[in-house]
Amino acid sequence: MENKLFVHNTLSRQKELFVPINAPHVGMYVCGPTVYGDAHLGHARPAITFDLVFRYLRHLGYKVRYVRNITDVGHLENDADEGEDKIAKKARLEQLEPMEVVQHFTDRYHAALDKLNVLKPSIEPRASGHIIEQIAMVKKILNAGMGYESQGSVYFDVERYNREHKYGILSGRVIEDLLSNTRELDGQDEKRNSFDFALWKKAQPEHIMRWPSEWSDGFPGWHLECSAMSTKYLGEEFDIHGGGLDLLFPHHESEIAQSTVANHKSPARYWLHNNMITINGQKMGKSLGNFIQLDEFFAGSHAALEKAYSPMTVRFFILQAHYRSPLDFSNEALQASEKGFQRMMKSIATLEKLVPASKSTLDIAALQSKCYEAMNDDLNSPILIAHLFDAVRIINSVHDKKESLTTEDIALLRSTLHTFVFDILGLVPESDPQAGNQVIANLVNIIIDLRREARTNKDWATSDRLRDALAQAGISIKDTKDGATWEME
RNA sequence: GGUUUCGUGGCCGAGUGGCUAGGCAGCGGUCUGCAAAACCGCGUACAGCGGUUCGAAUCCGCUCGAAACCUCCA
């Protein structure tokens, strides 16, 4: 099948045909989390967005090397007293080794993403494991005359860079505008210009995490790790760089500048950015108190949550919006997604029970190509899901004998659904683990059998009593022409 | 203030010059002893005001409102 995948490239702000540099290989780098706290809803969006990209590229037959980093050093805490390393701060607070904190939250992050059925990247490098590469990159930039040392720290000379290249090609920032924005920041006086960014930062005495370098004992600058690690594992020029929209500036802009100086190339061909999640129209943030961790979603243990929402509900909810649109969280929206997801899963189960006919009354092949069209149009998962709900109606109608499909069309419908729902969207059925318990199944079947006898005798009182009692026990009964079916709530 | 976006029916959310997604909720119907499920039908929504056009939710301008970034943050 010939596929023409178009993706929205932030560099051009347009949808562009995706052409890999070295097909069938594709290199993709995505900015991962800073592991100093538990994963929250905001972490889920890029993880799921680029999981979708990863899955679809693989489905199209590309061999993808997906690199997603773990940031475990170097980010400065603005609200901290003197801008100490974020992880060092947390570590001192809890009397733990910094790497112990990193390990803990990395494990928690992985556990949450596993629940969301996010595939593991091909490589998950840590910033702290690539200090040598980062120091080498600082040297390259210094040798090119685009950096300067100041009191043990090294800064990137944005103004000089802007003269030879252009700073702001990704974000649309103009250096003159940036000049007018001055603010108080740690180390400001060390810099030639406020918009210069650190390549190497001298550690203050309270910093626990530090590495030796020719400039000072310190740690690499904010943006360097991604440039160093993407170069190391994907080369000087690779296909896709992804991340949250909040990272567009200054992080990704600075990555481009660093790589352009060090490697004489703009690092990535296609820049993809997922939009943010808001809560009741408001930004999610610690200071606003609407910061919901993923585990709190799964357990329903947050004041803003009316109930628990399963990982697949959260995943489906996120996929029901296009990745470039802001997504507003609310209980009502989550519950709508939950029901829709369950209806979809139920009909996929029904698909296995369809009886073929000699003639098809519906065009399944057309449905399949619509699904591809949706994905090829900048990974439009909400449109894809709309088509999949058409498939849901088809399945249920055929099951109700209102439409008919041939054996071949049923097989095509089945493979289409399995491909798009399970493989590409990465959804998995979430049946209650106890539903598979044979003892429960046997007991329920005994009760249903008793109820069937009562119904044969038109003893509706007993019939309803059994149904109500089972409902109380968490088992719902549905009468069909072919007898009763049951499921665990 | 600057940069970048957005404002769609009760809620969420696609679309982006004519053919008016989808989910959830609601209403009516079919089926059923009843219920549930499923299916069928129903909402004529595009912030406001102008303009361009045969025709605009979709393009342009203005107004109002919102968000992200500019500062650690997905």
**Prompt:** Between A:Leu41 (CG) and B:C73 (P), how many Å, whole number?
**Reply:** 18 Å
**Item:** Nucleotide opposite B:U53 in a Watson-Crick or G-U pair, distances under 3.5 Å
**Value:** none
**Request:** For the side chain of A:Arg173, starting at C-beta, report the closest nucleotide among B:C40, B:G33, B:G2.
**Result:** B:G2
**Prompt:** Relative to each other, are the rings of A:His223 and A:His251 parallel, tilted or perpendicular (30° and 60° limits)?
**Reply:** tilted
**Request:** Assign A:His40 to base, sugar-phosphate, or nothing according to its heavy-atom contacts below 4.0 angstrom with the strands shown.
**Result:** base
**Request:** Grab the CG-P distance between A:Leu248 and B:C73 for me, whole Å please.
**Result:** 13 Å
**Asked** With a non-hydrogen cut-off below 4.0 angstrom, is A:Arg467 in contact with a base, only sugar-phosphate, or nothing?
**Response** base
**Asked** NA contact type, A:Asp479, heavy-atom cut-off 4.0 Å: base, sugar-phosphate, or nothing?
**Response** base
**Message:** Which is more 5' along RNA chain B, the nucleotide nearest A:Asp400 or the one nearest A:Tyr323? Just name the residue.
**Reply:** A:Tyr323
**Message:** Categorize A:Ser463 for me: base, sugar-phosphate, or nothing, with a 4.0 angstrom heavy-atom threshold over every strand shown.
**Reply:** base
**Item:** Rounded distance in Å - CZ (A:Arg45) to C1' (B:A74)
**Value:** 10 Å
**Item:** Nearest-angstrom distance, C1' atom, B:A57 to B:C19
**Value:** 15 Å
**Prompt:** Closest to the A:Phe389 side chain: B:C24, B:A74, B:G22?
**Reply:** B:G22
**Item:** Spacing between A:Asn274 atom CG and B:U4 atom P, to the nearest angstrom
**Value:** 20 Å
**Request:** Starting at atom NZ of A:Lys166, determine the distance to atom P of B:U3, rounded to an integer number of angstrom.
**Result:** 13 Å
**Asked** Are A:Phe297 and A:Phe317 close enough that their ring centres sit under 6.0 Å apart?
**Response** no
**Message:** Checking base pairs now: Watson-Crick or wobble, both atom distances under 3.5 Å. What partners B:A47?
**Reply:** B:U63
**Prompt:** Rounded to whole angstrom units, what separation is found between the CD1 atom of A:Ile383 and the P atom of B:A14?
**Reply:** 9 Å
**Message:** Using a heavy-atom cut-off of 4.0 Å across all strands, would you classify A:Ile477 as base, sugar-phosphate, or nothing?
**Reply:** base
**Prompt:** Just how far, in rounded Å, is P of B:C39 from CG of A:Asp390?
**Reply:** 11 Å
**Prompt:** A:Gly42 near the nucleic acid: base, sugar-phosphate alone, or nothing, with a heavy-atom cut-off under 4.0 Å?
**Reply:** base
I'd like a table of atom pairs between the protein and nucleotides 5-12 of chain B - only N or O on both sides, under 3.5 Å - with the distance next to each one.
residue, atom, partner, partner atom, Å
B:C11, O2', A:Glu332, OE1, 3.3

**Request:** Nearest-nucleotide wise, let me know which of A:Cys31 and A:His322 is further upstream toward the 5' end of RNA chain B.
**Result:** A:His322
**Request:** Write down the distance separating the C1' atoms in B:U52 and B:G65, rounded off to the nearest Å.
**Result:** 26 Å
**Prompt:** Could you state the NE2-P distance from A:His251 to B:C69, rounded to the nearest angstrom?
**Reply:** 14 Å
**Prompt:** Considering Watson-Crick and G-U wobble pairs with both distances under 3.5 Å, what does B:G1 pair with?
**Reply:** B:C70
**Base B:G33 to side chain A:Arg455, donor-acceptor N/O within 3.5 Å cut-off** = yes
**Item:** Short side-chain N/O contact to B:G15 OP1/OP2 from A:Asn380, under 4.0 Å
**Value:** yes
